[in-house]
Amino acid sequence: MAPAEPLDGLSGARLLFVSGKGGVGKTAVASALAARAAASGRRVLLVSTDGRGDAAALYGRADRGYAEAELAPRLRTVTAEFEALLADFVRTIAPVGFVASRILASPTFRYFTRATPGLPDLLLLGKLRDLLAAKKRRFDLVVVDAPATGHALSLLSMPRTVLRVVPAGPIHRIAADLDALFADERSAALVVVAEPAELAAREAEELVEGARARAGLRAGLLVVNRVGRSGRAGTLPRGELPTIRVPELDVPRGAAESPFALDEAFFGAFRRAFDGSPPPRRRGPAPPPPGPGDLDLDDALRDEPLVVLAGPGGVGKTTLAAAVGIASARSGQRTLVLTVDPARRLAQALGLEGRLDRPVRVDLPGAAAFSVLQIDPRATFDRLLARVAPPATLARIRSNRLYDGLVDALPGVVEYMGVEALAEHAGDPGIDRIVLDTAPAARGVDFLKSPERMVELLEHDALRWFLRSDSLLSKALSGASRGAAVVLHLADRHLGFSFLADLADFFRAFDGLYDGFRERSVRIRALLDEARYLVVSSADRSALRTAAELAEMLPAGPGKAGLLLNRVSPRFGLPPLPPALRTLPRRNFVEDAGAAETLPFRLADQLVSAEVASPS
């Protein structure tokens, strides 16, 4: 068994959140902690929050979504899904069954609950509160496979945010209970997962500090995963947390007997390493180092005004976007690298300080102009409004108390701000090429689909009904009508959302501006359809699975996509690729443990300096 000391501080916990930089292996860590607790006799629920339920595959099972499933004796799992969480909440809070049924049967209610700032996070936390507060408690421990750092901090800070803005009611009570639970160091803790790499280590430190400052939640354990991956010493997070180190693992990579056989083999090895056993030794000769691959970047990007990088989180996508931009500028193309990922990774990758919500010039001796821009949804939205809205309308929108949250939470708006920024710069005569770094997988797909989704949003029956000055809602807000608006009134009164009047005013302020939004969305859709796409993945199984799913959804036509396979282990070689990735021309990048601030420049050198060979 593993040394007991690092885990001693978690022994009495009832709630554990596991988070870290995307792609560092937090799902494996959460699953190992849950399995260890179940083996000790505790009843454990493992909650997946990313909507994918990857933990089930580690136990050789398909994910069943919001339906609880047994993974092992005393260990069950569930995947958080917004619609199911919303239904749970309404049925729990509404005073009688017919009220809950009437609220849930309303398409308008479901449409507008998705525009309520932070509601998905709050519903998830409310579910956790209910699981732990039940008189006949079914679980001794709930382990939450939380989102990556940025979203995790938003999730954890939600109770205190609600307490500041909601004075009373069911939601206020839920937030108060959660705030007290987070502050109880015996009952709740954060488990931080990192890798021995500079960006992951710094992000782990930010997570520890942010969770304590913004949520009152202590960090109880640090897990440093994939130690020795690069073959050189790495950077570890600073601090005094109890620490478990898990080495990079070499697991079988042959033909799988079942869809989850390789996942099970990996997790078996990971659990043994997590518990302190030495990793298995490779039998036979070490694999040869991977060649560069067969993707000729110069040829692939020739005459391409827009290059889009897409992939799962934690695979180095933003760093590679910067590298592609550097290589493009060095080839004589005036280049802008634009990222719609809300994390500040682009600035970190290039060693820049402050926010990059306007193009920032990066000096590249002997190269064409090279600039970078990190989307700030608020700043982009403000510029858009200043351009299209009359002063009175602009003042009305900005004075709405929901404005701050809705810019970040309204379906499609965060992604649409990326589309708006792309539209701002796509016609700039001073730019030859835009390299677009999308958000991690699911949010990245949301961005690519956001032009048509914005059109659908603006044409949705609920929104059109909502915007009419003589609508039922307008009358209901003055107490003069029934119907669908009464359903929303029921939701406000019984659920304590208290957002309808402000939401109505927010939407009505945009009356007359929607045609311009629709026109720009159609134009950008055409630009994205003609773009060159580069799918980015690491050599990890879960990343490859996500990248393959993403490759099948991209709008790229034949010959318009390629694969950048990053962080390939120099010790264990190339992994087997899913079919959707095997057919793509590929460029391989070996794990690099050098300084983070010069990594984009080293990768840019690799993009153009290595000979292109047959796939290796």
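Residue numbers run from 1 in the order of the sequence given.
- A donor-acceptor contact under 3.5 angstrom links the side chains of Asp63 and Thr79, judged on distance only.
- Looking only at distances, no side-chain donor or acceptor of Arg42 sits under 3.5 Å from a matching main-chain atom of Ala37.
- Residues Glu185 and Arg212 are paired through a salt bridge, judged by an N-O separation under 4.0 Å between the basic side chain and the carboxylate.
- No side-chain heavy atom of Met158 sits under 4.5 Å from any side-chain heavy atom of Arg214.
- Counted by atom type alone, Ser277 and Asp275 present zero donor-acceptor pairs between their side chains at under 3.5 Å.
- With 3.5 Å as the limit, one finds a donor-acceptor pair spanning the side chains of Asp145 and Thr27.
- In this structure, Arg160 places its CZ atom where more than 12 heavy-atom neighbours from other residues, nucleotides or ligands lie under 6.0 Å away.
- Put simply, the side chain of Phe17 does not reach to within 4.5 Å of the side chain of Val143, judged on heavy atoms.
- Salt bridge absent: Arg567 and Asp540 never bring a charged side-chain N and a carboxylate O closer than 4.0 Å.
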Between Arg61 and Asp263, does a salt bridge (Lys or Arg N to Asp or Glu O under 4.0 Å) hold up when you go through it step by step? CA-CA 10 Å; Arg61 293 166 173 77; Asp263 298 275; over 6 Å; no

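- With a 4.5 Å cut-off on side-chain heavy atoms, Val246 and Phe270 count as touching.
- You'll find the side chain of Tyr59 stays beyond 4.5 Å of the side chain of Glu70, heavy atoms only.
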What verdict does the side-chain contact (heavy atoms from CB on, under 4.5 Å) test give for Val192 and Val223, after you've listed the backbone C-alpha separation in whole Å, the side-chain angles of each residue and the deciding distance to 0.1 Å? CA-CA 6 Å; Val192 180; Val223 179; over 6 Å; no

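- Two residues are said to be in side-chain contact when any heavy atoms from C-beta on lie closer than 4.5 Å; Leu221 and Pro6 meet this criterion.
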Report the C-alpha distance between Lys127 and Leu125 in whole Å, list the side-chain angles of each, state the deciding distance to 0.1 Å, and finish with yes or no for side-chain contact (heavy atoms from CB on, under 4.5 Å). CA-CA 5 Å; Lys127 178 67 174 180; Leu125 292 173; over 6 Å; no

